[in-house]
Number of protein chains: 2
Amino acid sequence: MNRIRTSIVDIARAAGVSKSTVSLVLQGSPLVNDKTREKVNALINDLGYVYNRGAANLRQATSKIVGIVVNDLTNSFFAELAVGMDLVVQSAGYVQFLAHSGESIDRQRQVIASMRENGIAGLILSPARGTEANDIKPLTDSGVPVVVVVRNMPGAKVSTLLSDNCAGARAAVRHLVSLGHRRIAFMGGFLDTAVFAERVRGYREALIEASIPLDDNFIIHSAPSRAGGVAVVERMMVFPERPTAALCFNDAVAFGVCDGLRANGVEPGKGFGVIGFDDVIEAKTAVPALTTVSVDPQGMGQRAAQLLLKQINSGQIDQETIVTPVRLVVRQSCGAPVKQPEEIA
Amino acid sequence: MNRIRTSIVDIARAAGVSKSTVSLVLQGSPLVNDKTREKVNALINDLGYVYNRGAANLRQATSKIVGIVVNDLTNSFFAELAVGMDLVVQSAGYVQFLAHSGESIDRQRQVIASMRENGIAGLILSPARGTEANDIKPLTDSGVPVVVVVRNMPGAKVSTLLSDNCAGARAAVRHLVSLGHRRIAFMGGFLDTAVFAERVRGYREALIEASIPLDDNFIIHSAPSRAGGVAVVERMMVFPERPTAALCFNDAVAFGVCDGLRANGVEPGKGFGVIGFDDVIEAKTAVPALTTVSVDPQGMGQRAAQLLLKQINSGQIDQETIVTPVRLVVRQSCGAPVKQPEEIA
DNA sequence: TGACTAATTTGGAACGTTCCAATTAAGTGG
DNA sequence: CCACTTAATTGGAACGTTCCAAATTAGTCA
């Protein structure tokens with residue numbers, strides 16, 4: 001309708017005060033008289049004024065925008081992570097540029113550059129595979145706080161939020177051992193990621209602890225997706241001596257493994273123990289309910305956002321690394337004899 | 001590091017030209033001499049200059065930012081929708097505010113207001129349940145183009161992108177009928193949404209067409225989630241005369257229904273035919289592979305973004321409504337005797 | 001060389017806000 | 001009624017860009 005937008009001076013004129021006064025009203029200053037405040041507010045409503053945050057940013061050189069870049073939004077782990085961040089960012093009165101890098105480093109770099117031009121106050125990054133400290137150096141060098149989640153980035157001036165992958169994997173494998181399994185595989189995931197390495201490390205440690213000989217054939221990698229899980233089972237089926245249980249790289253792979261087993265006439269949780277990693281929402285309601293290492297992606301997203309906002313507000317960027325604990329949630333897919341009472345849906 | 005950011009006048013001074021010239025270089029004007037352009041570009045690099053898009057927006061009153069609000073990012077249908085939008089928005093040189101409303105109208109209103117203050121050039125909205133035309137009226141009134149997707153919003157000055165829910169449901173039920181099913185249920189979904197109504201309409205039409213009497217008990221609603229699907233099956237199990245097949249509100253419900261059936265000793269695709277709606281990524285690899293109505297969320301997201309950008313660039317906001325066709329993808333879960341060759345993973 | 005056209009370059013105003021120093025208005029105690 | 005403190009209000013500069021009209025420089029032709 002009205003192509004020309006109304007500004008602070010328009011309402012100043014209408015109210016018969018100066019633009020400075022209107023500005024004070026806008027930022028809720030106690031300096032201004034209640035009566036004038038009231039008049040100004042009324043006019044703001046009447047004239048349909050909308051605050052121009054861009055102009056404000058220009059003046060005070062500090063925006064209320066944060067950037068969030070996630071490597072794969074279609075993976076529900078990361079989607080929930082993003083939702084957690086959204087929650088706290090939003091309620092702190094910030095808005096977010098939220099972008100999906102699709103594991104492409106070029107895309108990621110491009111998107112971060114664009115966010116920088118638009119003046120973000122901070123960045124949360126769940127980096128694409130193969131991201132290096134250099135990729136965000138310009139940003140960190142210019143004093144913008146950055147929080148890296150899920151995957152770590154050695155050498156970068158950032159804070160980091162990780163989950164205790166090694167301990168989680170160890171706990172999972174220990175549990176399988178306690179159920180009597182001896183031939184335990186590690187299934188799915190990309191070889192070249194730090195997360196993969198850590199989870200495999202936990203897997204190995206638990207096996208050694210139980211004096212079970214390691215067999216590298218039992219570490220079968222694949223894409224960290226449901227399709228990847230199906231593929232892994234196909235490969236496993238031709239083994240002369242098959243494993244009897246598996247810790248999977250993540251829940252998506254675990255679901256795929258269940259699918260694959262069923263396609264081969266094996267019932268997950270009965271003939272074969274399956275444990276996932278992440279505890280995405282569907283894990284609880286799937287059949288069989290998935291035993292998994294709970295990472296609480298949404299909570300992790302919230303913590304990451306809180307950490308970033310803290311640094312933005314305090315103005316000091318420190319480099320803390322927080323490793324959040326994880327816990328094994330025993331459900332049915334591992335063939336456990338008893339359910340934990342809290343986990344009955 | 002350097003707390004004071006370098007601006008256009010800094011490089012102008014360094015290059016011995018005026019800020020106007022630098023501005024021209026920045027926007028790739030052909031007016032400027034190649035030699036000066038080169039010098040300026042070199043300095044831009046050296047001094048680590050970053051373009052301040054906020055200042056530019058202030059001057060030209062038109063930004064390169066679009067807003068995207070999605071009702072539920074944790075649902076993979078919507079996540080893929082968002083990824084499709086992200087793709088075209090990004091490559092058109094725009095950035096997006098992408099927010100998750102979590103089906104909360106308050107949240108949605110708040111987030112849209114915030115985006116408005118930040119100066120978006122357009123908005124794509126996948127509305128929260130119960131959104132009304134009034135909720136976005138201030139935005140549309142001020143001449144910002146809005147594209148509504150998935151759910152429609154009667155009375156709003158917006159363009160709309162819908163999928164042909166009715167036809168899809170009709171095709172699905174016809175298929176079940178052709179397989180010999182007579183007692184066919186409609187499972188899941190919230191009663192009060194337009195999408196639900198349309199899909200149920202298609203379901204009814206197909207039954208009438210086949211002279212199968214309607215039975216309202218066979219329309220069993222629930223939350224449109226995996227958990228909702230499980231719950232629906234529980235309720236169905238006590239029916240004196242159970243259905244032999246079901247069209248589900250969406251794929252999430254369909255997966256839940258499969259889980260529920262299995263928990264009750266019924267094998268989906270054998271003892272009971274299941275058809276989903278949406279064709280999310282997992283539908284193909286699940287076991288049994290899910291027969292579903294393919295909506296192509298990512299493509300839909302792309303089209304929505306293209307439509308919005310078209311309106312932004314042309315400066316004219318028309319109110320087109322596009323209904324995109326859908327197609328039934330026959331896989332295993334409906335108990336079809338033959339597979340379509342293209343669908344073998 | 002002079003006159004004219006084409007190619008470059010350039011001040012300054014403008015965009016909508018915040019901030020500062022300064023001004024004016026309103027009380028208050030003697 | 002004065003001096004003084006406190007409460008409210010206010011111009012104008014500043015932020016980093018774009019745009020316009022105008023100025024400068026270079027090139028061309030007679």
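Numbered from 1 within each chain, the chains take letters A, B, ... in sequence-line order.
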N or O in side chain of [X] less than 4.0 angstrom from [N] OP1/OP2:
| X | N | value |
| --- | --- | --- |
| B:Ser18 | C:dT10 | yes |
| A:Gln27 | C:dC19 | yes |
| B:Ser23 | D:dT18 | yes |
| A:Arg5 | C:dG16 | yes |
| B:Gln60 | C:dA14 | no |
| A:Thr36 | D:dT9 | yes |

Residues [X], [Y]: salt bridge by 4.0 Å N-O rule:
| X | Y | result |
| --- | --- | --- |
| B:Asp10 | B:Lys19 | no |
| B:Arg151 | B:Glu103 | yes |
| B:Arg109 | B:Glu132 | no |

Is it the case that the side chains of [Y] and [X] hold a donor-acceptor pair, with the cut-off being a distance below 3.5 Å and no angle test?
| X | Y | answer |
| --- | --- | --- |
| A:Asp318 | A:Gln311 | yes |
| A:Asn71 | A:Ser101 | no |
| A:Ser76 | A:Glu80 | no |

Starting at [atom1] of [X] and ending at [atom2] of [N], how long is that distance when rounded to a whole Å?
| X | N | atom1 | atom2 | answer |
| --- | --- | --- | --- | --- |
| A:Ile8 | C:dC15 | CD1 | C1' | 13 Å |
| B:Arg53 | D:dT18 | CZ | C1' | 13 Å |
| A:Lys35 | D:dA8 | NZ | P | 13 Å |
| A:Leu31 | C:dT18 | CG | P | 14 Å |
| A:Tyr51 | C:dT17 | OH | P | 7 Å |
| B:Asn52 | D:dC15 | CG | P | 12 Å |
| A:Asn57 | D:dG16 | CG | P | 12 Å |
| A:Leu26 | C:dC19 | CG | P | 12 Å |

So which nucleotide from D:dT17, C:dT9, D:dT10 ends up closest to the side chain of B:Leu24?
->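 Nearest to the side-chain atoms of B:Leu24, counting from C-beta on, is C:dT9.
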Out of C:dT10, D:dT18, C:dC19, minimum distance to the side chain of B:Thr21 belongs to C:dT10
Heavy-atom donor-acceptor pair, B:Arg59 side-chain to D:dT18 base, under 3.5 Å |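 When only heavy-atom distances are counted, B:Arg59 does reach the base of D:dT18 through a donor-acceptor pair under 3.5 Å.
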Using the closest heavy atom to pick a nucleotide of DNA chain C for each, name whichever of B:Asn33 or A:Val9 lands nearer the 5' end.
->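 Its nucleotide being nearer the 5' end, the pick is B:Asn33.
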Mapping B:Gly16 and A:Leu58 onto DNA chain C by nearest heavy atom, which one lands closer to the 5' end?
-> B:Gly16
Which one of A:Val66, A:Val149, A:Leu98, A:Val147 satisfies the side-chain contact (heavy atoms from CB on, under 4.5 Å) criterion with A:Met85?
-> A:Val149
Would you classify B:Ala61 as touching base, sugar-phosphate or nothing, given that sugar-phosphate means primed atoms plus P, OP1 and OP2, and contacts are heavy atoms under 4.0 Å?
-> nothing
Touch check for B:Ser7, heavy atoms < 4.0 angstrom, all strands: base, sugar-phosphate only, or nothing?
->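 Contact class for B:Ser7: sugar-phosphate only.
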Sole residue of A:Asp135, A:Asp72, A:Asp192 in salt bridge (Lys or Arg N to Asp or Glu O under 4.0 Å) with A:Arg129 = A:Asp192
How sharply is the helix from C:dT1-D:dA30 to C:dG30-D:dC1 bent, taking the axes over five pairs at either end and rounding to 10 degrees?
-> 50°
